[in-house]
Amino acid sequence: MGAGFHPSLVRGLAPRIEDLVDELLDGLEGPGTDAGFDFIETVARPLPSRVIGLMLGVDRADEARFAAVDG
């Protein structure tokens, strides 16, 4: 586990993690977004599984299936 989360590896992933956050937040721009959003549903829930998928090399097309709780 320690090798997978070595600080240099995590630092190296920072730009890609920032890109993932940007993708998650992109859908919030535009009309009707002034009312706010659910941070947990929009960012906090999907981000960890997407980062782990990135670290494991999960193909973007398989992300939803990888992150699925029930299957």
Side-chain angles (χ1 to χ4, degrees):
M1 280 283 286
F5 293 98
H6 191 273
S8 63
L9 175 67
V10 175
R11 269 192 303 277
L13 288 174
R16 298 196 52 202
I17 293 170
E18 289 173 12
D19 289 342
L20 290 174
V21 172
D22 287 343
E23 285 177 29
L24 293 170
L25 295 176
D26 277 347
L28 299 175
E29 298 174 5
T33 58
D34 294 337
F37 69 99
D38 185 337
F39 180 80
I40 292 174
E41 288 299 318
T42 304
V43 180
R45 183 162 290 143
L47 184 61
S49 64
R50 291 189 69 182
V51 171
I52 293 168
L54 173 67
M55 295 174 76
L56 295 175
V58 173
D59 191 271
R60 293 295 302 259
D62 295 327
E63 279 182 348
R65 198 171 67 152
F66 174 75
V69 174
D70 61 352

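Because the structure is predicted, anything quoted here is derived from the model rather than measured. Residues: numbered from 1 along the sequence shown.
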Asker: Residues in side-chain contact (heavy atoms from CB on, under 4.5 Å) with D26, at least two apart?
Answerer: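 Listed in chain order: E29.
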
Asker: Indicate if V10 and L47 have the same hydrophobic cluster label, given that clusters are the connected sets of ILVMFWY residues with side-chain heavy-atom separations under 4.5 angstrom.
Answerer: no

Asker: Tell me the closest heavy-atom pair linking P46 and I40, and the distance in Å.
Answerer: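 Minimum heavy-atom separation between P46 and I40: CD-O, 3.9 Å.
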
Asker: Just by modelled atom types, is the R65 backbone N or O under 3.5 Å from a matching donor or acceptor in the D62 side chain?
Answerer: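 Side chain of D62 to backbone of R65, a donor-acceptor pair under 3.5 Å: no, none is there.
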
Asker: I'd like to know if the side chain of T42 reaches the main chain of F39, judged simply by a donor and an acceptor atom lying under 3.5 Å from each other, with no hydrogens or angles considered.
Answerer: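 Not a single qualifying donor-acceptor pair exists.
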
Asker: Compile the donor-acceptor pairs under 3.5 Å between side chains in residues 50-59 and protein atoms, sequence neighbours left out, one pair per line.
Answerer:
| residue | atom | partner | partner atom | Å |
| --- | --- | --- | --- | --- |
| R50 | NE | E63 | OE1 | 3.2 |
| R50 | NH2 | E23 | OE1 | 2.8 |
| R50 | NH2 | E63 | OE1 | 3.4 |
| D59 | OD1 | A61 | N | 2.9 |

Asker: Ignoring hydrogens and angles, write down the donor-acceptor pairs under 3.5 Å from the side chains of residues 11-19, residues two or more places apart or on other chains.
Answerer:
none

